[in-house]
Amino acid sequence: MGQHPAIPKTDDDLTPDDHIQAIANTAGFHFGTIEQGGTSLYPSLAQRVTDPDVLRIVLSIGPTEAMHFQTWSDKAGNARPLTDPKDSSQVFPDLNSPPFGGEEFQTNLIMPEPTIFLSRKLPACSIVRPTATKGAAMGAANFLTAMGLFIGQSSAFFELLRDLAEDADDAKRGHG
Ligand SMILES: [Fe+2]
């Protein structure tokens, strides 16, 4: 909960052990979350691509994001439970104990699982991530902004980011 560094800012951050471990844990969850987004983003945007070279690039990046997602989910599942000694609001619970743990929260569960998030009308089926294409680029820009990735960037940066996302979301498959 809240904002916490995912990289050490000064040498003071190197001690005590649980403090630098809290920073490493934050980075571990950050990576998994980014890759989760990437695993949606590339299949979503591929559906709007016309140029074969761009399609090849998007289709080539997408699977690597899924591999990153899988790996970082597994790594995050091993995050050592702790409270940051320099920031008591930074708590990593034991993910293998109640209310976590059990089959649904198994921390090394890295394969696609049956889910209802696509449609509750469908029988449970394994889906990696949603791939709806409407607003996918702006959704990614908003998600990355909300998770604090761009803290400190200029207003010109955010303007360019929004312009790029709008252009990507306006793209239509067809002969162009
Ligand atoms: Fe990635």
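We count ligands from 1, going down the list as the structure has it; atoms in each ligand are counted the same way. Reckoned from all heavy atoms, side chains included, excluding hydrogens, waters and symmetry mates.
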Please give me the minimum heavy-atom distance between [X] and [Y], naming the atom from each residue.
X: Pro43; Y: Thr131; value: CB-CG2, 3.5 Å
X: Phe150; Y: Leu161; value: CE1-CD2, 3.7 Å
X: Ala136; Y: Ser44; value: CB-CB, 3.7 Å

Q: Decide yes or no for Thr26 and Gln90: does some side-chain heavy atom of the first lie under 4.5 Å from some side-chain heavy atom of the second?
A: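 Contact flag for Thr26/Gln90 side chains = yes.
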Q: Have a look around the Fe ion (ligand 1) and list protein N/O/S atoms under 2.8 Å, or say none.
A: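 Metal shell, protein only: Glu35 OE1, Glu65 OE1, His68 ND1.
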Q) Between Gln21 and Asn25, does any side-chain donor sit less than 3.5 Å from a side-chain acceptor? A)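 Yes, side-chain donor-acceptor contact under 3.5 Å.
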Side-chain donor-acceptor pairs of residues 58-67 under 3.5 Å, sequence neighbours excluded:
unit_1, atom_1, unit_2, atom_2, d
Ser60, OG, Arg56, O, 2.6
Thr64, OG1, Ile61, O, 2.7

